[in-house]
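FYI, the numbering just counts along the sequence from 1.
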Amino acid sequence: QLQLVESGGGLVQPGGSLRLSCAASGFTLEHYAVGWFRQAPGKEREVVSCISSSGGMTDYVGGGRFTVSRDNARKTAYLQMNSLKPEDTAVYYCAARSGYGCTPHRGEYDYWGQGTQVTVSS
């Protein structure tokens, strides 16, 4: 069964950090770009960041607070989030796109995880 599983979400205070993980099973992640998306209540799902199969990173939200990385041996990608703000509160999803680089268009990803909740609040 091909799937992605996110973990690492939780409650964090403003200014804090979290690292999300995205573990692949049933396929080799190294040939996929991995995108990170988020969806806040009542809002559209939006792209946050992406790492291509060759390791190139694209930051779609700007500000340099989020960094994506990958460990192909562990079939896992990561989203490091620093200086978190209340407006970062959302369900965060990872997605894998076969054989290509990054794209902000969620319809172009092949596999999705179930999401992990991130809540930034004091």
Side-chain angles (χ1 to χ4, degrees):
Q1 184 177 1
L2 309 179
Q3 62 178 352
L4 296 171
V5 178
E6 300 97 336
S7 61
L11 174 64
V12 63
Q13 292 187 341
S17 297
L18 279 176
R19 188 177 80 155
L20 306 183
S21 298
C22 172
S25 63
F27 66 104
T28 303
L29 191 63
E30 66 179 307
H31 301 303
Y32 291 75
V34 178
W36 285 93
F37 294 74
R38 66 185 178 186
Q39 188 166 18
K43 295 189 176 182
E44 293 278 326
R45 190 172 299 187
E46 64 173 353
V47 63
V48 172
S49 188
C50 178
I51 185 165
S52 69
S53 58
S54 60
M57 192 188 83
T58 304
D59 177 8
Y60 291 99
V61 295
R65 297 185 297 120
F66 295 174
T67 303
V68 62
S69 60
R70 62 191 302 153
D71 183 339
N72 289 332
R74 296 181 182 271
K75 298 196 294 183
T76 301
Y78 305 95
L79 180 67
Q80 177 68 43
M81 305 185 293
N82 299 323
S83 302
L84 284 162
K85 306 174 182 180
E87 52 263 43
D88 295 317
T89 295
V91 177
Y92 283 71
Y93 300 87
C94 66
R97 184 177 189 232
S98 173
Y100 295 96
C102 291
T103 174
H105 305 297
R106 58 183 185 263
E108 297 185 29
Y109 287 82
D110 302 296
Y111 305 112
W112 287 83
Q114 83 290 348
T116 185
Q117 176 70 47
V118 171
T119 302
V120 184
S121 175
S122 55

Side-chain donor-acceptor contact under 3.5 Å, Ser52 with Ser54: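 Yes.
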Side-chain H-bond candidate by donor/acceptor type, Ser17 with Asn82, under 3.5 Å: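 Checked: Ser17/Asn82 side chains pair up, N/O donor to acceptor below 3.5 Å.
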Side-chain donor or acceptor of Ser53 paired with backbone N/O of Glu30 under 3.5 Å: no
Can you tell me how far [atom2] of [Y] sits from [atom1] of [X], rounded to the nearest 0.5 angstrom?
{"X": "Gln117", "Y": "Thr89", "atom1": "CD", "atom2": "OG1", "value": "7.0 Å"}
{"X": "Gln13", "Y": "Ser122", "atom1": "CD", "atom2": "OG", "value": "7.0 Å"}
{"X": "Ser21", "Y": "Gln80", "atom1": "OG", "atom2": "CD", "value": "10.0 Å"}
{"X": "Arg19", "Y": "Ser7", "atom1": "CZ", "atom2": "OG", "value": "9.0 Å"}

For residues [X] and [Y]: do they belong to one hydrophobic cluster (side chain heavy atoms under 4.5 Å, members Ile, Leu, Val, Met, Phe, Trp, Tyr)?
{"X": "Tyr60", "Y": "Met57", "value": "no"}
{"X": "Val118", "Y": "Val5", "value": "no"}
{"X": "Val61", "Y": "Leu20", "value": "yes"}
{"X": "Phe27", "Y": "Tyr78", "value": "no"}
{"X": "Tyr93", "Y": "Trp36", "value": "no"}

Of all heavy-atom pairs between [X] and [Y], which one has the smallest distance, and what is that distance?
{"X": "Cys102", "Y": "Ala33", "result": "N-CB, 4.3 Å"}
{"X": "Ala96", "Y": "Leu4", "result": "N-CD1, 3.7 Å"}
{"X": "Leu29", "Y": "Ala77", "result": "CD2-N, 4.1 Å"}
{"X": "Arg38", "Y": "Ala90", "result": "CB-CB, 3.8 Å"}
{"X": "Val91", "Y": "Gly115", "result": "CG1-CA, 3.8 Å"}
{"X": "Leu2", "Y": "Gly26", "result": "CD2-O, 2.6 Å"}

Side chains of Arg65 and Asp88 in contact at under 4.5 Å (non-hydrogen atoms):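 Counting from C-beta outward, Arg65 and Asp88 do come under 4.5 Å.
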Validation row: Arg97, Thr103 side chains within 4.5 angstrom (heavy atoms):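 Yes, at least one pair of side-chain atoms sits under 4.5 Å.
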Residue from Val12, Val120, Thr116, Leu79 passing side chain to side chain contact (heavy atoms under 4.5 Å, CB included) with Leu18: Val12
Whether Phe66 and Tyr92 hold their rings parallel, tilted or perpendicular, with breakpoints at 30° and 60°: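 Judged by the thresholds at 30° and 60°, the geometry between Phe66 and Tyr92 is perpendicular.
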Listed partners of Phe37 passing ring pair (Phe, Tyr, Trp, His ring centres under 6.0 Å), at least two apart: Tyr109, Trp112
Electrostatic pair Arg106:Glu44 at N-O distance under 4.0 angstrom: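 Glu44 and Arg106: salt-bridged.
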